[in-house]
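Quick note on labels: first sequence line is chain A, next is B, and so on, each numbered from 1.
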Amino acid sequence: MPVALRLDELNPPQREAVTTVDGPVLVLAGAGSGKTRVITYRVAHLLERGVPPEAILAVSFTNKAADEMGERVEKLVGPRIARRLTMSTFHSLGMNLLKAEKKSLGFAFTIYDASDQLGVVRELLRRVSIDDRKFDTKAILFRISGAKNKFLSPEEYQAQAGDHEYDLIAADLYPKYQEALRNFHALDFDDLIVEPVRLLDRDADVRARWQDRFRYVMVDEYQDTNRAQFNLMSHLVRAHNNLCVVGDDDQSIYGWRGAEAGHILEFERHFPGAHVVKLEENYRSTPAILDAANAVISHNAKRHPKRLWTARRPGEKLQMVVADDPEVEARFVAEEIEILCGTRSYKPGDCAVLYRSNIQSKPLEEALRMQRLNYRVVGGQSFFDRKEVKDAIAYLKLALSPRDEISLRRVINYPARGIGATTLDRLAGHARERGITLFDACMHARATSLFDATPQPSGAPIEDVGGKPQQAVTAFCDLIDRGRSLLASKTNLKSAAREFLEAAGLSDDLRGAAASPIQAQRRLENLEGFLESLDRFEQREGRNLSSFLNRLSLQTQDDDAETDKSDVVTLVTLHGAKGLEFPVVFLVGLEEELLPHRRTLYPNGPDVPDANVDLGEERRLMYVGITRAREHLYLTRAANRAFRASARPRTPSRFLDEIPEALYDRRDASAPPPAASPEDADAFARAALEKMLKMTD
DNA sequence: AGTAGAGGCGTTTTT
DNA sequence: CGCCTCTACT
């Protein structure tokens, strides 16, 4: 250990959480209570006590959280030791476990992301000729995924599923979905958790190896674990129970995705003898903000009781703002940010606007643009989701793994090369008959002329197709062959990939098909950016394309290291805001049917009132929003909001009633800002002038 | 293969 | 209302 750890920098409960190293520990970490600090110090403390770095595992949900953890530990213990620790997401842990044990699994795999998964479901629907795509594929996939995460086999799922139309379809498709993935040598995100658990379950050697490897395990954001993740983790620690979980049941906002808050509520039952530490001192927000947060969340029933407090000075009251409509609300936000940046020493980067659903960002973006404030929208389409990048990835995946039918279907006729639906159907039929993969069927077509020979046994006689499709399929097979040998032979992956994609006609298509030269330029840049990141990977980790592609699948967010967020306003959903903090926060659209959301209020349709709905998760969203603010918190809403064309009067969110009136000032968004002091007005005028000057440059 | 027009839909989405 | 998807036509 390079530096002796300063445990006196911690408050007493934090220190307790850091130094209680053996046996199960539950750290209930309120918002802003120094949670990451506890985890990183705990890791450092373990190392100081002589635990080898290889024996320590820290798991989180997002790459961002994992990276941050890694960076902060590195500051404490130095890069040499930090490198030997395992700090990863659940999914990359699962992936690495499977890779390390690939003999047990039996095959190398590609990872299917959400859009690949949807592709599989869509294909299966077509196959069982469940008449058409009148069904919401997402809803079906959602059910299958839910079943997998709960470890329900297809039979078990069938037994317990409702008889809703979608339940029946999902029950029918679930086994077929799994079979298809195995055929394609693909694993979806859920499999990355579920398969390791199965493996640990059935193979005692593997189990012993991994239990022995990680002797101290930590899990961040424990309130968000689903059953599969819980099982994975408990398998890993069963031998020693040196498990420390950190989380906040009040910030559990992913229940709809299968996260079970019960895990954190019942930790002491799952791990008897658990040591429980509560971190309630908040280092982030002013008392007014915390009082509001405590007031709101105390209306929830099922929770570990706790109350955030702070030693900070009182600070200012919250602002409760009513606007006529969303446009006025948005204009208010933009102008207020302008004022804060003019008269107080805030920068746009200190400000964030939080909303329940993405559609709400639109008027805000317009107002900010009008005010000439820079902003970024968190979430949205990420770099690797862009079509041109996904197409490139599909080509590479296919070259590596020809069984990957989803990638094959994605690119077989893109760019257009004359392999239409008919040809594809014929190929698929041929594949089915012989029980071979779709790609092998393509290869057969190349070798044996599938098209003008024998009539199909079941179908109509084959009309003369004139050999053209066969030529096209042959050319396609040659292309993939060429790609494969390029990737194997060329000196570096980047140039191999570039040549391959060039040969596929991808860049030509980007140039030709774009609506404008600017768009074409942008797409080519995206493609180039992708090749750059491939190159960086090869420099760093060596020539391993499949590792690169697998990692890409797990890296959904833009690594926004390059985007400078210091001077731009952040727009983000309440879900996306978890883990972030800002000096100035605007919570907008605080109205009934937005927060709490209609779909939560009326789960059975808008005309079916339901008095028994549980609004706990919606309230926690409100709580998460409030606790993002350090100094200033604005609670805004619109009195009217258009809903499908017609304007409708809005009721304030019931959560606003839960905030004591003494904590806030009321404002009207259209009224002039409260009288500023002469100095403020002066500073504002100066700032405005400066800005005008800057604009004319 | 590409596109115009109809029709349907409208919450959140760490990996 | 506005977007996205599908369909039917060229």
Side-chain angles (χ1 to χ4, degrees), chain A residues 59-68 88-95 111-118 122 132-139 141-142 145 149 187-194 220-221 223-226 228-229 251-259 326 354-363 378-382 384-385 413-421 509 512-513 515 550-557 572-580 589 593-603 606 617-618 620-622 624-625 641-648:
Chain A
V59 190
S60 55
F61 280 82
T62 64
N63 293 303
K64 201 171 148 223
D67 292 346
E68 191 193 337
S88 75
T89 62
F90 268 108
H91 291 85
S92 67
L93 173 71
M95 179 184 81
I111 296 172
Y112 272 10
D113 68 11
S115 67
D116 299 323
Q117 292 177 280
L118 286 172
R122 221 169 277 134
D132 75 52
R133 38 285 130 183
K134 287 229 166 79
F135 293 94
D136 179 359
T137 341
K138 275 202 193 117
L141 181 59
F142 187 79
S145 168
N149 276 316
L187 298 180
D188 66 15
F189 284 142
D190 303 323
D191 289 329
L192 291 178
I193 313 294
V194 171
D220 190 16
E221 304 281 16
Q223 75 282 355
D224 291 336
T225 45
N226 64 30
Q229 288 157 338
Q251 292 185 66
S252 156
I253 54 176
Y254 284 102
W256 54 275
R257 259 197 130 193
L354 276 48
Y355 38 82
R356 175 66 225 265
S357 46
N358 278 314
I359 29 168
Q360 293 172 258
S361 73
K362 205 182 145 204
V378 179
Q381 209 187 21
S382 94
F384 295 109
D385 272 345
N413 200 31
Y414 175 79
R417 50 173 69 86
I419 306 178
D509 188 75
N550 279 169
R551 186 163 323 170
L552 269 195
S553 316
L554 297 183
Q555 211 128 65
T556 49
Q557 290 283 352
V572 63
T573 62
L574 289 165
H575 285 90
K578 197 174 70 164
L580 307 177
E593 308 207 335
L594 220 43
L595 183 71
H597 199 274
R598 340 190 348 259
R599 300 284 277 249
T600 309
L601 286 167
Y602 310 109
E617 189 150 309
E618 297 290 306
R620 290 192 290 271
L621 277 169
M622 178 80 179
V624 166
R641 191 174 291 262
F643 181 68
R644 304 206 198 161
S646 62
R648 284 170 44 172

Would you indicate which nucleotide in B:dT13, B:dT15, C:dG2 comes nearest to any side-chain atom of A:Lys362?
C:dG2
Please tell me which of the listed nucleotides, B:dT15, B:dT12, B:dG10, lies nearest to the side chain of A:Arg257?
B:dT15
What's the closest nucleotide to the side chain of A:Arg599 if the choices are B:dT11, B:dT12, B:dT15?
B:dT11
Is the phosphate of B:dT14, meaning OP1 or OP2, less than 4.0 Å from a side-chain N or O of A:Asn226?
no
Pick base, sugar-phosphate or nothing for A:Thr62, based on heavy-atom distances below 4.0 Å to the nucleic acid.
base
Provide, to the nearest angstrom, the distance between the CG atom belonging to A:Asp67 and the P atom belonging to B:dT14.
15 Å
Could you work out, with salt bridge (Lys or Arg N to Asp or Glu O under 4.0 Å) as the rule, every residue matching A:Asp116, not counting sequence neighbours?
A:Lys397
Using atom names, set out every protein N or O paired with an N or O of nucleotides 8-10 of chain C below 3.5 Å, distance rounded to 0.1 Å.
none

Separation between the P atoms of B:dT13 and C:dG2, rounded to whole Å:
23 Å
Who are the side chain to side chain donor-acceptor pair (under 3.5 Å) partners of A:Thr600, not counting sequence neighbours?
A:Glu618
Salt bridge (Lys or Arg N to Asp or Glu O under 4.0 Å) against A:Asp190, all qualifying residues, sequence neighbours excluded
none
Could you check which of B:dT15, B:dT12, B:dA1 has an atom nearest any side-chain atom of A:Thr89?
B:dT15
What contact category does A:Asn413 fall into here, base, sugar-phosphate, or nothing, at under 4.0 angstrom with non-hydrogen atoms?
sugar-phosphate
Using the test side chain to side chain donor-acceptor pair (under 3.5 Å), find all partners of A:Ser361 that sit at least two apart in sequence or belong to another chain.
A:Glu365
Counting just side-chain N and O atoms, does A:Thr573 come under 4.0 Å of either OP1 or OP2 of B:dT13?
yes
Which part of the nucleic acid, if any, lies within contact of A:Asp190, taking any heavy atom under 4.0 Å across all strands shown: a base, the sugar-phosphate backbone alone, or nothing?
nothing
Nearest to side-chain heavy atoms of A:His91, which nucleotide of B:dT14, B:dT15, B:dT12:
B:dT15
Length of the CZ-P vector between A:Arg648 and C:dC1, whole Å
16 Å
Applying side chain to side chain donor-acceptor pair (under 3.5 Å), can you list everything that pairs with A:Tyr355, at least two apart in sequence or on another chain?
none
For the backbone of A:Asp188 and the side chain of A:Gln117, can you confirm whether one donor and one acceptor N or O come within less than 3.5 Å of each other?
no
For A:Asp220, give me all partners under side chain to side chain donor-acceptor pair (under 3.5 Å), at least two apart in sequence or on another chain.
A:Lys35
Residues at least two apart in sequence or cross-chain that pass salt bridge (Lys or Arg N to Asp or Glu O under 4.0 Å) with A:Arg417, listed by chain then number, are none
Aromatic stack A:Tyr254/B:dT13: centroid gap under 5.5 Å, interplanar angle under 30°:
no
Scan nucleotides 7-9 of chain B against the protein and return all N/O pairs shorter than 3.5 Å with their distances rounded to 0.1 Å.
none

Between the side chain of A:Asn413 and the main-chain N/O of A:Ile419, is any donor-acceptor distance below 3.5 Å?
yes
Side-chain N or O of A:Asn63 less than 4.0 angstrom from OP1 or OP2 on B:dT15?
yes
Closest listed nucleotide, where the reference is the side chain of A:Trp256 and the choices are B:dT15, B:dT11, B:dT13:
B:dT13
Verify the distance criterion only: is there a donor paired with an acceptor across the side chains of A:Asp509 and A:Tyr414 at less than 3.5 Å?
yes
Side chain of A:Arg356 only, heavy atoms from C-beta on: which candidate in B:dT14, B:dT12, B:dT15 is closest?
B:dT12
In terms of the nearest nucleotide of DNA chain B, which residue is placed more toward the 5' end: A:Thr225 or A:Ser357?
A:Ser357
